[in-house]
Student: 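Sharing a structure, written as structure tokens. Questions coming.
Positions are given from 1, in the same order as the sequence printed here.
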Amino acid sequence: MNLSIGSQVVHEAKLKLSDLTVVLALKDRPIETKSFMKHSIIPGVNYLILDGSSDDQNENIVRGNQCASIEYRRFAPDLNIDKYVRKMAEGIKSVHTPFVVMADNDDVLLEGGLVAAVNALRANSDSVFAGGDIVGYLRSTHQPNRVSWPKTNVNASHLDGMQGLAAINQSRLDWRHIWYSVFRTDVLVWCWDEIMNSPVRDPYLIEFLICDLPFCKGRYSYTQVPQYMRLQNQTDRAIATLGLRSVDNGRQPKSWWEESNLADELLATHLAVDSSELNSAFIRAAAVAGLRGSSFRPLSLYRDLTVGAADRIRIISLKSAIRITASGLYRAIPLRDRSGRS
């Protein structure tokens, strides 16, 4: 096989991309869905759309797409986190391919990275999920098809080959990278079932568990290939909205900590360890505080590295940004902390 990081074209006797399903969970944001349909529909890949929108706009967009490999399922609107969890747990059970990846409609999938992740899982029977680099970008406020690139360049390379308790404790402050991995389908189905049957309903804790639970089943494989582009300045992230709603509905800090402990007990049961061995509560609180705009951000534990404005391409078309990301050129651009140190 000749897999070039410098191109999304994969030179091999056509890898069976039909063995991969992209699960796209929708909640409104039809403009983002149009963009996803334009930039992330990859020939040969299967798509499962789980739509929990409040109106028919997303359904009309999806049904207007001529791609035969798209399966569309409509669910009750995601008015609360319970409906979202039920949609994901039930929907993913209908995936019939051996590999699956979750995507957001405001992001971009890169073919080369998906192929590399699938190949990694084929080559390593003890790996249950795999992924490559995730490159962030900023959308222009006045020109939606123009972006500032790159904003971030992140990966979970330090988790390559890890599993179990050590991996979970190591991944606490970079959990979002794992969410966009390619999973073995049976493992992701199991993860959502565990959450569905648990009392954990805080959206951020659910994200943690989706990234933690696979380590109870096997290893993570890092591929080095760019796989995913994330929009960094979205204003209406669906699960974040549910998270803020859960606070408004009376989830006080005490109950959040109690729910975090329940998440640890679930992990500890599968790992056959005491929950006190999980370095979780403080780190989770730090991550969630960072997401919610709190001034509490333990930089001593996690260097928040990004690409400074002076190092970015200030305005470029999204199509061009996708092509350059697939080439791997972002690796030449330095990442710096808030003081400007790389």
Student: Just grab all the salt bridge (Lys or Arg N to Asp or Glu O under 4.0 Å) pairs involving residues 130-141, residues at least two apart or on different chains.
Tutor: E32-R139, D133-R331

Student: According to side-chain contact (heavy atoms from CB on, under 4.5 Å), who are the partners of D107, at least two apart in sequence or on a separate chain?
Tutor: D104, Y180, Y228, R230, L231

Student: Residues in side-chain contact (heavy atoms from CB on, under 4.5 Å) with L335, at least two apart?
Tutor: N153, L305, V307

Student: In the single-linkage hydrophobic clustering (I, L, V, M, F, W, Y; side-chain heavy atoms under 4.5 Å), do L318 and I315 co-cluster?
Tutor: no

Student: State the OG1-CD1 distance between T33 and I49, to the nearest 0.5 angstrom.
Tutor: 8.0 Å

Student: Could you check whether any side-chain N or O of T152 sits under 3.5 Å from a backbone N or O of G136, counting only pairs where one atom can act as donor and the other as acceptor?
Tutor: yes

Student: Out of curiosity, does L138 fall in the hydrophobic cluster containing I322 (side-chain heavy atoms, cut-off under 4.5 Å, transitive links)?
Tutor: no

Student: Could I get the full list of salt bridge (charged side-chain N to carboxylate O under 4.0 Å, His left out) partners for D56, not counting sequence neighbours?
Tutor: R74

Student: Please collect all ring pair (Phe, Tyr, Trp, His ring centres under 6.0 Å) contacts where either partner lies in residues 112-136, sequence neighbours excluded, each pair once.
Tutor: F129-F183, F129-F215, F129-Y220

Student: How far does OG of S320 sit from CZ of R146, to the nearest 0.5 angstrom?
Tutor: 7.5 Å

Student: Mind listing the closest non-hydrogen atom pair of W190 and C216 along with its distance?
Tutor: CH2-CB, 4.2 Å

Student: Applying salt bridge (charged side-chain N to carboxylate O under 4.0 Å, His left out), can you list everything that pairs with K34, at least two apart in sequence or on another chain?
Tutor: none

Student: For a side-chain contact (heavy atoms from CB on, under 4.5 Å) check, start with the C-alpha distance between V95 and L188, then their side-chain angles and the critical distance, and finish with the verdict.
Tutor: CA-CA 10 Å; V95 173; L188 190 59; over 6 Å; no

Student: Tell me, please, which residues at least two apart from R219 pass salt bridge (charged side-chain N to carboxylate O under 4.0 Å, His left out).
Tutor: D126

Student: Under a 3.5 Å threshold, yes or no: a donor from one side chain and an acceptor from the other, between T97 and N46?
Tutor: no

Student: Where is the tightest heavy-atom contact between L262 and P199, given as atom of each residue plus distance?
Tutor: CD1-CG, 3.6 Å

Student: Please find the pair of heavy atoms, one from I210 and one from M102, that lie closest to each other, and give the distance.
Tutor: CG2-CE, 3.7 Å

Student: Does a side-chain heavy-atom distance below 4.5 Å link V22 with I42?
Tutor: no

Student: Could you tell me which residues satisfy side-chain contact (heavy atoms from CB on, under 4.5 Å) with R63, sequence neighbours excluded, listed by chain and number?
Tutor: E59, Y72

Student: Where do L17 and P43 come nearest, in terms of heavy atoms and distance?
Tutor: CD1-O, 3.8 Å

Student: For the residue pair A103 and L109, what are the closest heavy atoms and their distance?
Tutor: CB-CD2, 4.3 Å

Student: Is the side chain of S140 donor-acceptor paired with the backbone N or O of V147 at a distance under 3.5 Å, no angle test?
Tutor: no

Student: Check for a donor-acceptor pair, side chain of N155 on one end and backbone N or O of Q224 on the other, with a separation under 3.5 Å.
Tutor: no

Student: Please tell me whether T325 and W149 have a donor and an acceptor in their side chains that are separated by less than 3.5 angstrom.
Tutor: yes

Student: Enumerate the salt bridge (Lys or Arg N to Asp or Glu O under 4.0 Å) contacts for residues 177-200, please, sequence neighbours excluded, ordered by first and then second residue.
Tutor: K93-D193

Student: Mind checking the CG-CD spacing from L50 to E71? Nearest 0.5 Å is all I need.
Tutor: 8.5 Å

Student: Pair D202, S260 - check side-chain contact (heavy atoms from CB on, under 4.5 Å), show working.
Tutor: CA-CA 9 Å; D202 180 90; S260 178; over 6 Å; no

Student: If a pair satisfies ring pair (Phe, Tyr, Trp, His ring centres under 6.0 Å) and one of its residues is in residues 26-47, list it, with sequence neighbours excluded.
Tutor: none

Student: Quick check: is I31 connected to V108 through a chain of hydrophobic side chains (ILVMFWY, heavy atoms under 4.5 Å apart)?
Tutor: no

Student: Which residue pairs pass the salt bridge (Lys or Arg N to Asp or Glu O under 4.0 Å) test when at least one of the two sits in residues 305-319, sequence neighbours left out?
Tutor: D311-R336

Student: Can you give me the closest heavy-atom contact between T223 and A120, atom names plus distance?
Tutor: CG2-CB, 4.1 Å

Student: So if I apply the side chain to side chain contact (heavy atoms under 4.5 Å, CB included) rule between V200 and each of I195, L205, I81, which one comes out positive?
Tutor: L205

Student: From H270 NE2 over to L266 CG, what is the distance, rounded to the nearest 0.5 angstrom?
Tutor: 4.5 Å

Student: Quick one: CZ on R29 to OG on S35, what's the gap to the nearest 0.5 Å?
Tutor: 11.0 Å

Student: Is the shortest heavy-atom distance from the side chain of L267 to the side chain of L209 under 4.5 Å?
Tutor: yes

Student: Can you sort out the partners of R86 under salt bridge (charged side-chain N to carboxylate O under 4.0 Å, His left out), two or more places apart, ordered by chain and number?
Tutor: none

Student: Any side-chain heavy atom of I41 sitting closer than 4.5 Å to one from I70?
Tutor: yes

Student: Main chain of R201, side chain of E259: is a donor-acceptor contact present, judged purely on distance under 3.5 Å?
Tutor: yes

Student: Can you measure from CG (L20) to CD (E111) and round to the nearest 0.5 angstrom?
Tutor: 10.5 Å

Student: Is there a side-chain contact (heavy atoms from CB on, under 4.5 Å) between V101 and V23 once you walk through the steps?
Tutor: CA-CA 6 Å; V101 61; V23 173; over 6 Å; no

